[in-house]
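Computed from a prediction, not measured in an experiment: that's the story for all the values here. Chain letters run A, B, ... following the sequence lines, proteins first and then strands; every chain starts at 1.
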Protein chains: 2
Amino acid sequence: MSRPPRARESVLDAFEEILIAGGERAATMDATARAAGVSKGGLLYHFASKEALEAGLIDRLGRLIDADVHEISNAADGAVAHYIRTSVMAGDPLDRAMLAVSRLAQGGSAAASAALHDARERWAGAVRPHMPDEASLNVVLLVSDGLYFNNMLGGAGPHPVLQDADMDALVALLEGLGRG
Amino acid sequence: MSRPPRARESVLDAFEEILIAGGERAATMDATARAAGVSKGGLLYHFASKEALEAGLIDRLGRLIDADVHEISNAADGAVAHYIRTSVMAGDPLDRAMLAVSRLAQGGSAAASAALHDARERWAGAVRPHMPDEASLNVVLLVSDGLYFNNMLGGAGPHPVLQDADMDALVALLEGLGRG
DNA sequence: GTCTATAAAAAGATAGAC
DNA sequence: GTCTATCTTTTTATAGAC
């Protein structure tokens with residue numbers, strides 16, 4: 001249980017934010033250092049290379065997924081509802097890490113792709129016990145992926161993909177699938 | 001009906017390919033020119049800036065979407081089945097353009113994001129007449145988005161998201177939704 | 001741990017020859 | 001239409017002071 005240095009976490013936060021807002025191209029060491037309020041040299045003390053910086057972010061995602069999978073399995077409102085409703089961005093640490101690591105995956109990072117694949121398998125494991133068959137499970141997983149996809153493409157659209165009422169109807173429909 | 005110069009199309013093909021394989025960062029003017037077999041100066045004759053190159057690719061996507069929306073509406077195997085089955089990458093020109101423009105959208109290109117939002121709305125328009133309500137329509141759209149999302153994250157996984165049999169079961173389930 | 005200074009390579013773009 | 005040469009800025013990374 002090593003508590004990571006404050007500056008290190010600030011750098012990771014800044015890197016994450018720039019990846020989300022501007023993509024891999026915008027997320028340079030320089031821009032990250034500036035946003036984190038440290039010098040380039042300061043950043044390089046904590047992360048000796050760009051690759052190390054990316055690895056740090058991927059590690060952070062892994063820790064957040066651990067907590068989330070546990071939460072889904074114990075959700076009071078039901079695993080499916082909880083899983084689907086939290087697939088639309090609320091801006092919490094997991095959402096942000098997912099988005100940022102997705103950007104890295106798009107940039108060709110094999111480690112980032114592997115981390116996302118791994119996350120998806122662990123979510124599948126948490127939801128599977130609540131579904132009658134694999135086809136229904138696939139619908140739930142793919143709808144969640146679809147929500148992430150829309151979040152990922154950014155708020156460029158005039159309105160969110162789903163209104164609150166649409167989300168309620170969607171969850172009801174998917175839970176119907178869950179009851180066989 | 002202007003037929004675009006061969007070299008221009010080669011440049012667009014190369015840019016698309018590099019975006020898909022390596023992301024926005026890898027898709028430099030230099031790399032694109034090299035892959036297209038022209039010099040940087042040659043590329044810049046056809047596309048005067050990086051922005052113009054991206055706009056060229058977005059235009060290409062728009063033309064392919066036109067054709068696809070028409071095809072979905074007239075699909076012999078049913079709109080839903082056709083839409084869902086073609087959401088998983090076959091490597092055809094539309095798949096490639098979608099993937100490449102998604103990379104640009106991730107990089108913060110507002111034009112790319114707008115083009116993808118527009119495509120989604122047009123697909124919704126083509127599928128809506130075949131669904132009993134908006135909740136069912138949303139499931140179909142989101143499953144399609146989810147399939148694209150998984151394609152987008154690349155073949156890093158040990159196996160595709162869906163086996164053939166899983167796809168058949170998925171389509172059957174979604175068509176059940178379509179029948180109310 | 002954090003900084004400045006600097007190197008080495010790569011980026012987008014211009015100019016002008018052919 | 002396509003090329004080479006060149007300019008400017010940005011990017012990653014190193015070296016070494018504090």
Side-chain angles (χ1 to χ4, degrees), chain A residues 2-60 100 103-104 106-112, chain B residues 2-60 100-101 103-112:
Chain A
S2 57
R3 76 205 76 60
R6 249 179 304 325
R8 207 190 119 102
E9 292 302 298
S10 303
V11 167
L12 237 31
D13 289 343
F15 185 49
E16 197 173 76
E17 170 60 28
I18 298 173
L19 275 172
I20 293 170
E24 48 158 347
R25 194 142 212 179
T28 65
M29 309 277 268
D30 213 0
T32 300
R34 241 178 301 122
V38 299
S39 68
K40 218 189 289 199
L43 186 159
L44 283 160
Y45 169 77
H46 294 289
F47 301 98
S49 69
K50 189 108 201 264
E51 209 187 327
L53 185 54
E54 297 182 2
L57 195 58
I58 291 169
D59 275 4
R60 170 185 277 189
R103 306 282 200 225
L104 294 180
Q106 305 274 311
S109 160
Chain B
S2 57
R3 73 200 89 31
R6 246 179 305 325
R8 207 190 120 102
E9 292 302 298
S10 302
V11 166
L12 237 31
D13 289 344
F15 185 50
E16 196 174 77
E17 170 60 27
I18 298 173
L19 274 172
I20 294 170
E24 48 158 347
R25 196 143 210 176
T28 65
M29 309 276 269
D30 214 0
T32 299
R34 243 178 300 121
V38 299
S39 69
K40 218 191 285 201
L43 186 160
L44 283 162
Y45 170 76
H46 293 288
F47 301 98
S49 69
K50 189 112 202 260
E51 209 186 327
L53 184 54
E54 296 182 2
L57 194 58
I58 292 169
D59 275 4
R60 170 184 277 190
V101 173
R103 306 283 200 225
L104 294 181
Q106 305 273 312
S109 161

#### Entry: Donor-acceptor contact present, side-chain A/E16 to main-chain A/L57, <3.5 Å
no
### Query
Quick one: how far along DNA chain C does chain B reach, first to last nucleotide 5' to 3', anything under 4.0 Å to a heavy atom?
C/dA11 to C/dT14
### Message
Just so I know, are the side chains of A/L12 and A/E9 near enough to count as touching, which here means a heavy-atom distance under 4.5 Å?
### Response
yes
#### Entry: Rounded distance (nearest 0.5 Å) linking atom CG of A/D30 with atom CG of A/L43
9.5 Å
### Task
Just call it for B/L43: base, sugar-phosphate, or nothing, with non-hydrogen atoms closer than 4.0 Å on any strand.
nothing
### Nearest-angstrom distance from the residue atom CG of A/L53 to P of D/dT11
14 Å
### Task
Write down the atom of B/T32, the atom of B/A14, and the distance for their closest heavy-atom approach.
O-CB, 3.7 Å
### Message
Under a 3.5 Å distance rule, please check whether A/Q106 uses its side chain to pair with a backbone N or O of B/Q106 as donor and acceptor.
### Response
no
#### Entry: Protein-nucleotide distance (A/K50, atom NZ; D/dT10, atom P), rounded to Å
16 Å
#### Entry: Euclidean distance, atom CG of residue B/L44 to atom C1' of D/dT6 [Å, nearest integer]
14 Å
### Task
Give one of base, sugar-phosphate or nothing for A/T28, where a contact means two heavy atoms less than 4.0 Å apart.
sugar-phosphate
### Toward the 5' end of DNA chain C, by each residue's nearest nucleotide, A/G41 or A/R25
A/G41
### Query
Do the side chains of A/M29 and A/F15 get nearer than 4.5 Å, heavy atoms only?
no
